[in-house]
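All remarks here apply to the structure that follows.
So that the names make sense, note that chain A is the first sequence line, chain B the second, and so on, each numbered from 1.
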2 protein chains.
Amino acid sequence: MRRPDEGTTPAAGAAAVADADAASATPGRRERNKRDKQGRILAAAEDLFAERGYALVTTQDIADRADVAAGTLFRYASSKPELLLMVFNNEWRRALTGTRHDPTKADASLAPTDAIMALLLPLLTSAARHPENTAYYQREILCGEPTGTYRAEALELVDGLEATIATVLSGYGTETPGESERLRRGVDPALAARSIFSLLHLALIRCGLGREPMESLPDSLRTEIDLVLHGIVEQVPAATAEA
Amino acid sequence: MRRPDEGTTPAAGAAAVADADAASATPGRRERNKRDKQGRILAAAEDLFAERGYALVTTQDIADRADVAAGTLFRYASSKPELLLMVFNNEWRRALTGTRHDPTKADASLAPTDAIMALLLPLLTSAARHPENTAYYQREILCGEPTGTYRAEALELVDGLEATIATVLSGYGTETPGESERLRRGVDPALAARSIFSLLHLALIRCGLGREPMESLPDSLRTEIDLVLHGIVEQVPAATAEA
DNA sequence: ACTCAAAAATGAGCGTACTCCGTTATATTG
DNA sequence: CAATATAACGGAGTACGCTCATTTTTGAGT
């Protein structure tokens, strides 16, 4: 009755095998089979979503290509949306690795808008490759079943990125000589990061569903982020109030 | 083969009836039947969604309560999500009427944050009554089928409100004596309004799906709007850069 | 009043996501 | 190695959103 993913140590228990490493040592046939199927399912979903688009792929299609029964599929992902989340969590992780330089020593000479855009750029590149599926991905992240395993993973991913952005923003608080901008007093960096991500989510959805052309996304997102960074209104300098 | 909604004049054509008004005069049996069913369907959907929540209501349930056949339902709304949009467009219209004082002469003494919150408050009140369904409504507005009739209506509603907010923001450009804030140079009021709405959409979703308690919504939304209005970072005054 | 074309309603039927329980494969124990 | 327990699998079955061919209703023309 256990799901295959909710890990139990493979051949653990009384097994007196002196396995040094935690997970990967002597997985046992069962564990190997599971891993194998997991891999096949991931590959099948990846390929089919890419080929036909999320909406035109049936779970049966995926099961067939992965060479598992229809019912088995749902032991590895509890729903079709969860399959999408599984695939795209991978995609986003891939896109992000390498770009994720230590945020604490982010290039301070960069204007905050540019610093943040640099962090988000790989996601935009990925989105340009799969616009529609990316939109569905965003939808599931934002509105999906709260219980999904892969959705939880996606939320972690997003939270991580938000935290990174928050850290970058906080960096502008410590007055380094080169900087010309600093965090406004009373602003919660975490909340600020979340607001920026809100814009990203919805921009990706707009483009993915064709409400806005994909090419204009980097520019328009930059403009939006710049807006929230610097604000919509400003104080009227007491003296300057002309007329 | 025509949908009932794609209006044709009721008993129009060669009918020599000297009907003064356009739509409401002598509708003819057909038109009356349609209106009647439309009304029954709206009422049924409204009630059932409110009673059980969107997810737990089947289209069959709605058809039964409206006393129409299952197939007939889809002549009045092309999908289940469209039924939700139909219901909530009404709800939002109801919530907004009365509050929509002329934005061009909005109380200029009000800080922009308060002015905008005043416009959005009725929506928050409505959301508090149907948190989950409101979240689904937002989802459909943002991610729904681009072809839906009622979705188009919803987008118009939202666009209208955004335009109102944009107008309010523009108002802060014309330097009225009382004001202490003005629109920053180079800021597009329409884009600003859209960003604010992005925050609203996602805040409603977060609360509706239980990621945030409903009670805290007005406060937290206010904080977010305040953030985007006044910005996250500020220029470092050349002289003030201490240390 | 009768005919006829068009519009609307109907409900059986279809595709698909997901479930459930009987079967099979794997590990554990004596 | 046999017996047993349990995890994984399979695939027929189910529920539900939606479609479509057919039937019914409506209203204009004669």
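Dashed line: the shortest gap from a side-chain N or O of B:Tyr76 to OP1 or OP2 of C:dA9 is under 4.0 Å. Within the 4.0 Å cut-off from OP1 or OP2 of D:dT26, at least one side-chain nitrogen or oxygen of B:Asn33 is found. A:Thr58 has no side-chain polar atom (N or O) that falls below the 4.0 Å cut-off from OP1 or OP2 of C:dT16. Distances shorter than 4.0 Å separate some side-chain N or O of B:Lys37 from OP1 or OP2 on C:dA9. A sub-4.0 Å separation between OP1 or OP2 of C:dT16 and a side-chain N or O of A:Thr59 is absent. For the OP1/OP2 pair of C:dA8 and a distance below 4.0 Å, the side-chain nitrogens and oxygens of B:Lys34 include at least one atom meeting the criterion.
Ring geometry for A:Phe49 against A:Tyr54 counts as tilted: the plane angle lies between 30° and 60°, on a 0 to 90° scale. The aromatic rings of A:Phe88 and A:His130 sit perpendicular to each other, their planes meeting at more than 60°, with 30° as the lower class boundary.
Spacing between atom CG of A:Leu73 and atom P of D:dG10 amounts to 11 Å, rounded to whole angstrom units. As rounded to whole Å, 15 Å separates atom P of D:dA8 from atom CG of A:Asp36. Taking atom CG on A:Leu56 and atom P on C:dG15, their separation rounds to 15 Å, with Å as the unit. Atom CZ in B:Phe74 sits roughly 7 Å away from atom P in D:dG17 (whole-Å rounding). Between A:Asp67 atom CG and D:dA8 atom P the separation is 19 Å, expressed in whole Å. Counting to the nearest Å, the C1' atom of D:dC9 and the CZ atom of A:Arg29 are 16 Å from each other. Look at CD on A:Gln60: it is 18 Å from P on C:dC14, rounded to the nearest Å. Taking atom CG of residue B:Leu48 and atom P of nucleotide D:dC16, one finds them 13 Å apart after rounding to whole Å.
On a pure distance criterion of 3.5 Å, a polar donor-acceptor pair joins the side chain of A:Arg30 and the base of D:dT6.
Closest contact between the side chain of B:Arg75 and the listed nucleotides D:dC18, D:dG10, C:dT10 involves C:dT10. Nearest to the side-chain atoms of B:Lys80 among the listed nucleotides C:dA8, D:dC18, D:dA8 stands D:dC18.
Salt bridge annotation for A:Asp36-A:Arg40: present, with a cationic side-chain nitrogen under 4.0 angstrom from a carboxylate oxygen.
Map A:Thr72 and B:Ala70 each onto its nearest nucleotide of DNA chain D; the residue landing nearer the 5' end is A:Thr72.
Interatomic distance, B:Thr134 OG1 to B:Trp92 CH2, rounded to the nearest 0.5 Å: 7.5 Å.
Judged purely by distance below 3.5 Å, without hydrogens or angles, the side chains of A:Asp226 and A:Thr223 never pair a donor atom with an acceptor atom.
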